[in-house]
Amino acid sequence: MKILAAMSGGVDSAVATARAVDAGHDVTGVHLALSQTPEAVRAGSRGCCTIEDSRDARRAADVLGIPFYVWDLAEQFREDVIDDFVAEYAAGRTPNPCLRCNEKIKFSAVLDRARALGFDAVVTGHHAKLAIDKDGVPHLSRSVDNAKDQSYVLAVLTAEQLRYAMFPLGDITKEQVRAEAAVRGLAVADKPDSHDICFISNGDTMGFLRSQLGEQPGEIVDADSGAVVGEHQGAYAYTIGQRKGLRLANPVNDGKPRYVLSIEPVDNRITVGTAEALEVTTVEANRPVWTGGEPPSFPWRGTVQMRAHGGLADAAAEIDADGNLLVGLLTPARGIAAGQAIVLYDDSQVVGSATITAARA
Amino acid sequence: MSEVYLDHAATTTIRPSVIESMAAAMRDTGNPSSLHSAGRRARKAVEQAREQVAEATGAHPVEVIFTSGATEADNLAVKGGFWARRAIDPRLTGLAISPTEHPAVHDAARFLQQHDDAQLHWLAVDPYGAPVPDALTRLVETGTIAIAATMWANNEVGTLADIPAIARICHSGDVPLHVDAVQALGRIEIDFSALKLSSLAISAHKIGGPQGIGALLATRAFTPVPTSHGGGQERRIRSGTLDVASIVGFGVAIVEAERERDVETRRLAKLRERLIAGCALLDSVQVNGHVADDRAKAHPGILSLHVPGADADALLMLLDEAQIDVSTGSACTSGVSEPSHVILAMTGDERRAKQTIRISLGRTTEAEDIDRLVTTLPQAVERARRASGYQPERE
């Protein structure tokens with residue numbers, strides 16, 4: 001097959017590309033230039049996709065002996081991922097930009113362009129397992145490395161998109177990926193992983209949002225007493241379940257820490273409460289995407305994941321006529337925010353994904 | 001299937017005679033600045049090459065300053081020239097630059113604007129990208145222009161500037177004119193003295209010499225402030241141990257290039273005609289710059305094509321896949337093609353600037369290469385248009 005390999009300059013995509021080459025495919029490497037200030041040379045492990053990353057990707061392609069190009073998708077990335085990220089926070093929700101990038105950039109803009117140019121599939125270094133059965137139905141499941149599993153951010157992809165995707169790293173751990181890179185002579189074997197959000201290179205999400213949305217001081221209110229317990233500089237910067245950075249001027253003195261329970265963007269108010277108040281057992285979600293192309297039978301029972309890391313619970317789900325999901329958690333969960341994805345799993349296999357609209361006790 | 005190289009404006013095949021002469025030079029030891037016999041041998045080789053460069057360009061040997069390439073030569077002329085002129089007369093803060101210049105001139109000028117308060121005056125260009133000489137007349141009369149700079153042959157679209165006319169205007173106004181002649185060398189007769197230019201930049205690897213060596217031609221009166229300080233070589237304008245082997249190679253290349261210039265120019269012009277005829281069959285493709293072979297107006301070996309609806313990147317990739325090497329204009333380092341500033345200056349059309357490819361012919365180009373490209377283009381263009389979401393206009 002003629003495969004387009006998305007090479008970020010990191011070790012995962014380098015090894016994934018190497019595996020595609022070994023499998024006998026006709027592979028071309030592409031580095032996605034998504035940053036609008038690419039001149040920056042990478043420092044440490046935050047952020048991604050600087051000139052240094054581009055060079056690392058190119059060198060990996062050189063070692064593998066495949067053609068290499070850089071595709072400039074910075075404008076589209078700004079519109080579909082960065083602007084969406086800011087807008088979601090402004091609306092009081094908590095977005096996951098990696099989801100949006102997979103959905104709109106990697107497996108949409110890139111995939112469409114690749115197919116138009118004659119490629120059969122896009123390969124990436126995501127940690128997940130993907131198999132397409134003989135009927136063309138995709139089966140996406142967790143990688144063997146639980147800590148690095150990225151099936152959560154891939155669950156937003158439709159069956160149609162998954163049919164043109166390849167994830168060769170699903171059967172090995174991160175350690176094994178690095179070991180394989182070293183054996184293959186890929187210089188990125190020791191390159192640190194990038195954490196946090198790729199377009200916020202210093203890791204300061206709050207600072208970034210402040211630079212985009214400006215300071216908008218507002219009240220922090222206690223859920224039980226109704227009293228104003230503090231002031232914030234912009235409700236957009238907070239997320240459900242957040243405890244750090246609250247700086248309550250007049251905290252309720254009962255010895256219990258306070259967490260963000262809700263964010264009201266219109267009144268620019270944050271409500272805080274105790275840990276118990278954070279617990280939810282019902283989650284509503286909309287715009288479901290079914291990995292296999294068809295919804296499962298309802299009522300459904302399995303495991304759900306409601307955050308990129310953690311946020312797991314056994315659950316039962318129902319669907320209404322408009323395609324909205326009502327999910328009952330069998331164990332309460334905390335820090336469940338509107339805007340995040342809720343991914344449904346049958347054991348380790350992804351059933352589908354939907355966007356959380358509400359969560360309550 | 002063999003590779004078809006049609007990016008000679010980026011770099012061209014090194015001449016076998018150059019390789020031999022360089023290898024021979026490398027086998028001897030000597031720093032041309034040394035006083036002893038080893039040094040003198042190296043010095044002799046350098047001076048011989050200097051005379052070859054001078055003769056080929058109508059300059060005096062003392063006017064030839066060897067540099068690491070045309071970029072360094074352009075920087076010396078623009079930045080060094082500006083600083084030198086302003087030091088003599090603080091009112092000389094202006095730079096008259098064509099907007100179609102190579103980044104080596106363009107960015108050097110911008111640097112001066114941002115860091116040295118230079119007043120940047122962009123010359124008007126015609127729709128083919130040639131600077132309008134009259135635009136310079138008024139500027140020169142202000143008495144505030146430190147340096148004027150215009151390229152002879154545009155590297156992206158091949159349009160030639162009317163250097164004699166521009167030089168006359170600058171000379172009569174006592175404004176030093178710097179000419180980037182990188183693409184003109186070997187294709188157009190360069191007579192540095194007769195044109196009364198102040199400075200000129202050339203590069204070896206565009207004429208079949210090695211990469212990494214070029215020259216700044218500078219009259220005795222033009223002493224730019226150095227951009228790099230050190231041992232004082234090259235009239236104290238360009239310090240650094242001379243790259244003897246590369247200089248020798250440059251000399252050999254320039255002699256050969258001059259010797260074959262007439263014949264080669266005519267040969268290339270015919271190939272360019274063949275290419276244009278082949279491209280005429282493509283749907284809606286246009287030429288940026290001059291179509292007809294006019295030795296006074298167009299470089300015989302450069303053709304810039306506007307392919308509406310196709311991202312240049314996508315087209316390049318498809319042609320690359322078919323083993324055909326072409327480009328979008330200036331080679332760049334980040335791997336992402338910027339929209340051509342030359343096309344922008346000529347047409348103001350940003351989309352056109354992103355849908356333009358450049359095909360450039362050279363010494364090793366044959367008719368078969370043109371034919372390979374012409375047969376491959378239709379499908380590549382169609383595919384690239386699809387990949388770019390092109391919807392052809394319906395009747």
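No hydrogens, no waters, no symmetry mates; every other heavy atom, side chains included, goes into these values. Chain identifiers are assigned alphabetically (A, B, ...) following the order of the sequence lines, protein sequences preceding nucleic acid strands; residue numbering begins at 1 within each chain.
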A.B. asks: Between B:Arg386 and A:Arg113, is the side chain to side chain contact (heavy atoms under 4.5 Å, CB included) condition met? List the steps.
C.D. replies: CA-CA 9 Å; B:Arg386 251 187 293 135; A:Arg113 193 172 203 227; over 6 Å; no
A.B. asks: Taking atom CG of B:Asp311 and atom CH2 of A:Trp71, what is their separation to the nearest 0.5 Å?
C.D. replies: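 It is 10.0 Å, given to the nearest 0.5 Å.
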A.B. asks: Please indicate whether B:Gln114 has more than 12 foreign heavy atoms, meaning atoms of other residues, nucleotides or ligands, lying under 6.0 Å from its CD.
C.D. replies: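 Yes, enclosed.
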A.B. asks: Taking the side chain as everything from C-beta on, heavy atoms only, tell me whether A:Thr28 gets closer than 4.5 Å to B:Met317.
C.D. replies: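 Yes, side chains in contact.
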A.B. asks: Counting only heavy atoms not in B:Arg363, do more than 12 sit closer than 6.0 Å to its CZ atom?
C.D. replies: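 Yes - once you tally the heavy atoms of other residues, nucleotides and ligands closer than 6.0 Å, there are more than 12.
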A.B. asks: Locate the shortest heavy-atom distance separating B:Ala387 from A:Ala116; write the atom from each residue and the value.
C.D. replies: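 Smallest interatomic distance, heavy atoms only, reads CA-CB, 3.3 Å.
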A.B. asks: Please report the interatomic distance OH(A:Tyr69) to CG(B:Leu316), rounded to the nearest 0.5 Å.
C.D. replies: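 A:Tyr69 OH to B:Leu316 CG: 8.0 Å, rounded to 0.5 Å.
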A.B. asks: Return yes when atom CD of A:Glu79 has more than 12 non-hydrogen atoms of other residues, nucleotides or ligands closer than 6.0 Å, and no otherwise.
C.D. replies: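 Correct, the count exceeds 12.
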A.B. asks: Would you indicate whether A:Arg59, at its atom CZ, is surrounded by more than 12 heavy atoms from other residues, nucleotides or ligands within a distance under 6.0 Å?
C.D. replies: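 Incorrect, the count does not exceed 12.
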A.B. asks: Rounded to the nearest 0.5 Å, how far apart are CG of A:Asp72 and CG of B:Asp313?
C.D. replies: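 Answer rounded to 0.5 Å: 7.5 Å.
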